[in-house]
There are 2 protein chains.
Amino acid sequence: MKKKISLRVIRRISFYYEALLKLNLPENTYISSRKLEEVTGVSCNQVRQDFFYLGISIGKQKKGYLVKKLFKELKKILSIDHSSKVIIIGAGRIGQALSNYKLFKDRNIMVTALFDIKKELVGTEIGKPGQKKPILHIDGLETYLMENPDIKIALLTVPEEAAQETLDKLIGHGIRGVVNFAPKILKVPKEARDIQLINDCIGTSLYKIVYQLYSKK
Amino acid sequence: MKKKISLRVIRRISFYYEALLKLNLPENTYISSRKLEEVTGVSCNQVRQDFFYLGISIGKQKKGYLVKKLFKELKKILSIDHSSKVIIIGAGRIGQALSNYKLFKDRNIMVTALFDIKKELVGTEIGKPGQKKPILHIDGLETYLMENPDIKIALLTVPEEAAQETLDKLIGHGIRGVVNFAPKILKVPKEARDIQLINDCIGTSLYKIVYQLYSKK
DNA sequence: CATAATATTGTTTAAGTTAAAATTAATAGT
DNA sequence: ACTATTAATTTTAACTTAAACAATATTATG
């Protein structure tokens, strides 16, 4: 019987994990909840409660958490003790930006290929030498997924008109988790089971800022 | 005494608003909470409660909400009855993608310029004919903001190393709202007052998917 | 035309979730 | 041994969502 962890908590855990990575502390040193507050913006109370809730009670009074242990625990929770391969559908600006996102490496996430329909893109490669990824035609998607059955995740950066049908196709071909970046709320077909979908358009944060700024009084 | 509206609610209001835009219904027709559930994914209960909470009691039993009225109310809440000008700092892939984000127009948001330091970018323009935006050198930022004092919002898409110092500079020059897309939690300097900041890295959603997919059982 | 059935809102209530605060206990340093 | 710091835990409060239901307008039916 596993405890349910909400996506909010997961987001904070991500912060802790990335903070640890960036601080690059020696493994046998300690980090306190205060310090974590300083670098992540999450209050030290929240940090401790998260750890408590997650069963990470490895802290030492007056010192904090042993970096080595904490790393291990966080990795376990984030399910990054194994690697994940992902593909990107849509090789436009956002797709390309995602394909070069360097923090994915720290999370054991590998982008293996991009897909598009534009002639001038298909057949080219993208990325720095040594980590180049091919841009393939989307017609080859099914074959590609059959040859790479360990790919279960796709990032969807196609125009909104094509988004829903592409999602349906992806699910049909065995993809189980999708992040949709198109400005449209997509739906998982009712008959599909155990599919994870997040709609995450890059514009929405700006809307929030506009609201916060101009709604005052 | 204005009621506080959380960002969650604002996000849903955005959904409703954009759904209305996309459905493009005649102004004198009605839309029900059920229909809104269908297109936005927000439950009809939630829709009604949002409207109730926000004081939008314009529904008609058995019909729904008059499109024209609903539009007006949503616009008022989202503070898009006036226009907002924004600049983009960093003219890389994400910056460029944002500058072309077509839904901003529907929200009365205008990107007026991008800033960067790369020689090959500075001096060029970006965007479709008729809505081209210049890429300026970041050294001209202060002057630009002095000449355009109505610009209060910036989108920050610079590399993470430069993110915090750029934020500080922006605030120093009068910017009041920032969305940071770099994979780093930025902080508003303590002495700054009434600054709105959202950290919204495009990678985090993928982390959540990885977690949801691989943490099962 | 009257009446019943139905769909839909407005509102309230309850449940669930999340975050903050307070308390207790342990430990290191002096 | 004393003090200050920090984690672990509990409690409390705040926020968010879901559910329930009465009220009412529209449509259907005899």
Side-chain angles (χ1 to χ4, degrees), chain A residues 2-16 19-20 25 28-71 73-74 77 185 199 208 211-212, chain B residues 2-16 19-20 23 25 28-70 73-74 77 185 199 208 211-212:
Chain A
K2 208 162 176 176
K3 193 176 283 188
K4 200 177 65 185
I5 307 177
S6 75
L7 289 185
R8 291 230 193 151
V9 178
I10 289 301
R11 182 153 184 260
R12 289 198 298 270
I13 302 292
S14 291
F15 292 168
Y16 307 147
L20 275 191
L25 303 167
N28 58 344
T29 55
Y30 291 83
I31 184 168
S32 67
S33 55
R34 289 280 173 78
K35 180 70 182 171
L36 280 169
E37 167 168 352
E38 195 182 312
V39 291
T40 65
V42 180
S43 80
C44 60
N45 279 320
Q46 187 71 58
V47 171
R48 286 204 300 276
Q49 189 168 348
D50 282 343
F51 289 178
F52 172 63
Y53 178 75
L54 296 168
I56 307 180
S57 294
I58 59 171
K60 257 186 125 165
Q61 270 91 347
K62 186 81 176 176
K63 306 211 87 171
Y65 304 87
L66 189 61
V67 169
K68 186 177 177 177
K69 278 191 190 171
L70 190 53
F71 248 124
E73 294 289 339
L74 295 180
I77 290 164
I185 312 283
N199 292 290
K208 293 180 191 171
Y211 167 74
Q212 290 183 321
Chain B
K2 209 163 177 177
K3 193 176 283 187
K4 201 176 65 185
I5 307 177
S6 75
L7 288 185
R8 292 236 192 149
V9 178
I10 288 300
R11 182 154 184 260
R12 290 198 297 271
I13 302 291
S14 291
F15 292 169
Y16 308 148
L20 275 191
L23 289 170
L25 303 167
N28 58 344
T29 55
Y30 290 83
I31 185 168
S32 68
S33 56
R34 287 280 173 76
K35 180 70 182 171
L36 280 169
E37 167 168 352
E38 197 182 312
V39 292
T40 65
V42 180
S43 80
C44 62
N45 280 319
Q46 188 71 62
V47 170
R48 286 204 301 280
Q49 191 168 351
D50 282 344
F51 289 178
F52 172 62
Y53 179 75
L54 297 168
I56 307 181
S57 294
I58 59 172
K60 253 184 127 168
Q61 270 93 346
K62 187 79 177 178
K63 305 211 90 170
Y65 304 87
L66 189 61
V67 169
K68 185 177 179 177
K69 279 190 191 173
L70 189 54
E73 294 289 339
L74 296 180
I77 290 163
I185 311 283
N199 292 289
K208 293 180 191 172
Y211 167 75
Q212 289 183 321

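Just so we're clear, the structure is a prediction, and the values are computed from it rather than from any experiment. Every chain is numbered from 1 and lettered A, B, ... according to where its sequence line falls, protein lines coming before strand lines.
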Taking for Q49(A) and for F52(B) the nucleotide of DNA chain C with the nearest heavy atom, the one nearer the 5' end belongs to F52(B)

Sequence neighbours left out, what passes ring-ring contact (aromatic ring centres under 6.0 Å, His included) with F71(A)? Give chain and number order. Y17(A)

To the nearest angstrom, the CG-P distance between L7(A) and dT17(C) comes to 13 Å

Would you mind reading off the distance between Y30(A) atom OH and dA28(C) atom C1', rounded to a whole angstrom? 12 Å

Exam field: side chain E37(B) to backbone C44(B), donor-acceptor pair closer than 3.5 Å: yes

Whole Å only: how far is the CG atom of L66(B) from the P atom of dG10(C)? 12 Å

Any non-hydrogen side-chain atom of Y65(B) less than 4.5 Å from a side-chain atom of R48(B)? yes

How long is the line joining OH of Y16(B) and P of dT9(C), in whole Å? 12 Å

All N/O pairs under 3.5 Å across the protein-nucleotides 5-7 of chain D interface:
| from | atom 1 | to | atom 2 | distance (Å) |
| --- | --- | --- | --- | --- |
| dT5(D) | O4' | K62(A) | NZ | 3.1 |
| dT6(D) | OP2 | R34(A) | NH1 | 3.2 |
| dA7(D) | OP1 | S33(A) | N | 2.8 |
| dA7(D) | OP2 | S33(A) | OG | 2.4 |
| dA7(D) | OP2 | R48(A) | NH1 | 3.4 |

Just the rounded figure in Å: distance from P of dA19(C) to CG of N45(A). 12 Å

Going by heavy atoms in the side chains, are V39(A) and I185(B) under 4.5 Å from each other? no

Could you state the CG-P distance from D50(B) to dT8(C), rounded to the nearest angstrom? 19 Å

Phosphate OP1/OP2 of dT18(C) contacted by R12(A) side-chain N/O (<4.0 Å): no

Take atom OH of Y53(B) and atom C1' of dA18(D), then tell me their distance rounded to the nearest Å. 17 Å

Distance, rounded to the nearest Å, where E38(B) contributes CD and dT8(C) contributes C1': 15 Å

